[in-house]
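The structure appears right after this line, and notes come after that.
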Amino acid sequence: MLRVGNLEESKKFYCDLLGMKLYRQKDYPGGEFTLAFVGYGDEADHSVIELTYNWGTDHYDIGDGYGHIALGVDDIYGTCDQIKAAGGKVTREPGPMKHGSTVIAFVQDPDGYKIELIQLSTHSSTQEKETATAAN
């Protein structure tokens, strides 16, 4: 669950820029908050992210306990280009991770949460090489 300061901007980021779908959204007037669930597949079969908007709160301090969410993508360079073209923020351009060969990038959502993008084909081939090396 991520607390967000502007639910509409957050839904645009996760749905329009990252390609997730909004699966459900509900207002809770008694508690003065709204929950929205976004992801790449139905909740019955896939993980989703819960976006929580507390009415009247437009900013949160992220703190030092949060690291990032990681998402696998097929074309990390194209994905980053699309995010930038749509006004999104790429905070680390695609390239090999430190101490490894997996290609990663980082983007930032409207509330400052970091999202790591991982090139799937590089990640898979790196894992296979590491597994084969460990087996020998």
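No hydrogens, no waters, no symmetry mates; every other heavy atom, side chains included, goes into these values. Numbers here simply count residues along the sequence, with the first being 1. Given the structure is predicted, the values throughout are model-derived calculations rather than measurements.
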Which atom of Gly95 lies closest to which atom of Arg92, heavy atoms considered: O-NH1, 3.3 Å
Transitive ILVMFWY side-chain link Ile83 to Leu71, under 4.5 Å: yes
Joint hydrophobic cluster, Tyr53 plus Leu2, side-chain heavy atoms closer than 4.5 Å: yes
Residues that Tyr23 engages under side-chain hydrogen bond (donor to acceptor under 3.5 Å, both in side chains), provided they are two or more places apart: none
Gap between atom CD1 of Ile69 and atom CG of Leu117 - 0.5 Å precision: 11.0 Å
Atom pair SG (Cys80) and CD (Gln119), whose distance is rounded to the nearest 0.5 Å: 9.5 Å
Residue pairs fulfilling side-chain hydrogen bond (donor to acceptor under 3.5 Å, both in side chains) with at least one residue in residues 1-15, sequence neighbours excluded: Glu8-Lys11, Glu9-Lys12, Ser10-Asp111, Lys11-Gln25, Tyr14-Asp109
Cluster check Met20, Leu35: I/L/V/M/F/W/Y, side chain < 4.5 angstrom: no
Cluster check Tyr60, Ile62: I/L/V/M/F/W/Y, side chain < 4.5 angstrom: no
Stepwise side-chain contact (heavy atoms from CB on, under 4.5 Å) check, Phe13 with Ile115: CA-CA 11 Å; Phe13 176 81; Ile115 314 295; 4.1 Å; yes
Linked, directly or transitively: Tyr28 and Leu22 (ILVMFWY side chains, under 4.5 Å): no
Results of side-chain hydrogen bond (donor to acceptor under 3.5 Å, both in side chains) for Lys84 - residues two or more places apart only: Glu93
Test ring pair (Phe, Tyr, Trp, His ring centres under 6.0 Å) applied to Phe37 - qualifying residues, sequence neighbours left out: none
Shortest non-hydrogen separation from Gly39 to Val48 and the atoms involved: CA-CG1, 4.3 Å
Partners meeting side-chain contact (heavy atoms from CB on, under 4.5 Å) with Thr91 (sequence neighbours left out): Lys89, Phe106, Gln108, Lys114
Where at least one partner belongs to residues 29-58, residue pairs that pass salt bridge (Lys or Arg N to Asp or Glu O under 4.0 Å), sequence neighbours excluded: Arg24-Glu43
Closest non-hydrogen atom pair, Gly88 against Leu17: CA-CD1, 3.9 Å
Of all pairs that satisfy side-chain hydrogen bond (donor to acceptor under 3.5 Å, both in side chains), the ones with a partner from residues 65-81, not counting sequence neighbours: His68-Glu116
Straight-line distance of Leu51 CG to Thr34 OG1, nearest 0.5 Å: 11.0 Å
